[in-house]
Amino acid sequence: QRQMCIRDRAKVILKRNRTSLRIARDLAIRVRGFFQLLDGITSITLICSQERLAEVRSEFPRPLIIGESESITALIIVSPSIIEKTHGVVSHILEWLANREINVEEVISCYKDTIILVATEDGGKAFDAINELITDCRRVVSRA
């Protein structure tokens with residue numbers, strides 16, 4: 001497994017309707033760099049670099065913006081493909097972080113990539129916690 005810690009991310013939460021969804025999808029194609037679109041039932045969450053926040057925010061009428069956060073860190077874990085058939089991996093990671101009093105703002109899981117968003121002030125602590133978890137898991141597997 002590989003793990004990266006990317007600071008200086010931002011999050012915009014939108015009311016979900018046809019207009020916001022169309023604009024968000026257009027942005028997903030246009031915006032350069034790190035950009036994630038999470039399409040929920042009642043809201044859309046966009047995650048981008050802080051340097052792109054003003055550009056992203058300016059695309060939406062103000063009434064569509066529910067909230068935003070300018071100070072989040074993305075922890076990206078790239079796992080072996082076996083993760084798809086391994087029960088409880090993501091929940092174990094989240095439990096590990098919760099036991100260390102690290103609040104997770106968003107989780108994105110796509111094939112082998114798990115992206116965990118935390119407040120920037122928790123970024124280093126979360127990175128260390130996940131490294132500890134990976135080390136412990138490797139130790140257990142090597143004993144088997």
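Positions are given from 1, in the same order as the sequence printed here. The structure displayed is predicted, hence computed values, not measured ones.
- Val104 has its side chain out of reach of Ile93: every pair of non-hydrogen atoms, C-beta onward, lies at least 4.5 Å apart.
- Residues Glu68 and Leu53 come closest through the heavy atom pair OE2-CD2, 4.3 Å.
- Counting non-hydrogen atoms of neighbouring residues, nucleotides and ligands closer than 6.0 angstrom, the CD atom of Glu121 exceeds 12 such neighbours.
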Is there a side chain to side chain contact (heavy atoms under 4.5 Å, CB included) between Glu132 and Asp128 once you walk through the steps? CA-CA 6 Å; Glu132 179 186 345; Asp128 291 344; over 6 Å; no
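- Residues Leu21 and Arg18 fail the side-chain proximity criterion, which asks for heavy atoms closer than 4.5 Å.
- Separation of atoms CG (Leu133) and CZ (Arg138) is listed at 10.5 Å; rounding is to 0.5 Å.
- Ion pair Glu106/Arg9 not flagged as a salt bridge, since none of the NZ, NE, NH1 or NH2 atoms sits closer than 4.0 Å to an Asp/Glu carboxylate oxygen.
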Pair Ile23, Leu14 - check side chain to side chain contact (heavy atoms under 4.5 Å, CB included), show working. CA-CA 11 Å; Ile23 296 168; Leu14 307 163; over 6 Å; no
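- Residues Phe127 and Thr73 have side chains not in contact (no heavy-atom distance under 4.5 Å, counting atoms from C-beta outward).
- By the neighbour-count criterion of 12 heavy atoms within 6.0 Å, atom CZ of Arg30 is densely surrounded, having more than that number from other residues, nucleotides or ligands.
- Heavy atoms of other residues, nucleotides or ligands lying less than 6.0 angstrom from NZ of Lys125 number more than 12.
- Salt-bridge annotation for Arg57 and Glu70: present, with a side-chain N of the basic residue lying under 4.0 Å from a carboxylate O of the acidic one.
- What you find for Ile102 and Ala129 is that their closest heavy atoms are CD1-CB, 4.3 Å.
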Side-chain donor-acceptor pairs under 3.5 Å in residues 38-49, sequence neighbours left out?
{"from": "Asp39", "atom 1": "OD1", "to": "Arg16", "atom 2": "NE", "distance (Å)": "2.6"}
{"from": "Asp39", "atom 1": "OD1", "to": "Arg16", "atom 2": "NH2", "distance (Å)": "3.3"}
{"from": "Asp39", "atom 1": "OD2", "to": "Arg16", "atom 2": "NH2", "distance (Å)": "3.2"}
{"from": "Ser49", "atom 1": "OG", "to": "Arg52", "atom 2": "N", "distance (Å)": "3.4"}

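- Note on Ile66 and Val56: separate hydrophobic clusters, where clusters join Ile, Leu, Val, Met, Phe, Trp and Tyr whose side-chain heavy atoms are under 4.5 Å apart, directly or indirectly.
- Looking at Phe34 and Asp8, their side chains never come closer than 4.5 Å, going by heavy atoms from C-beta outward.
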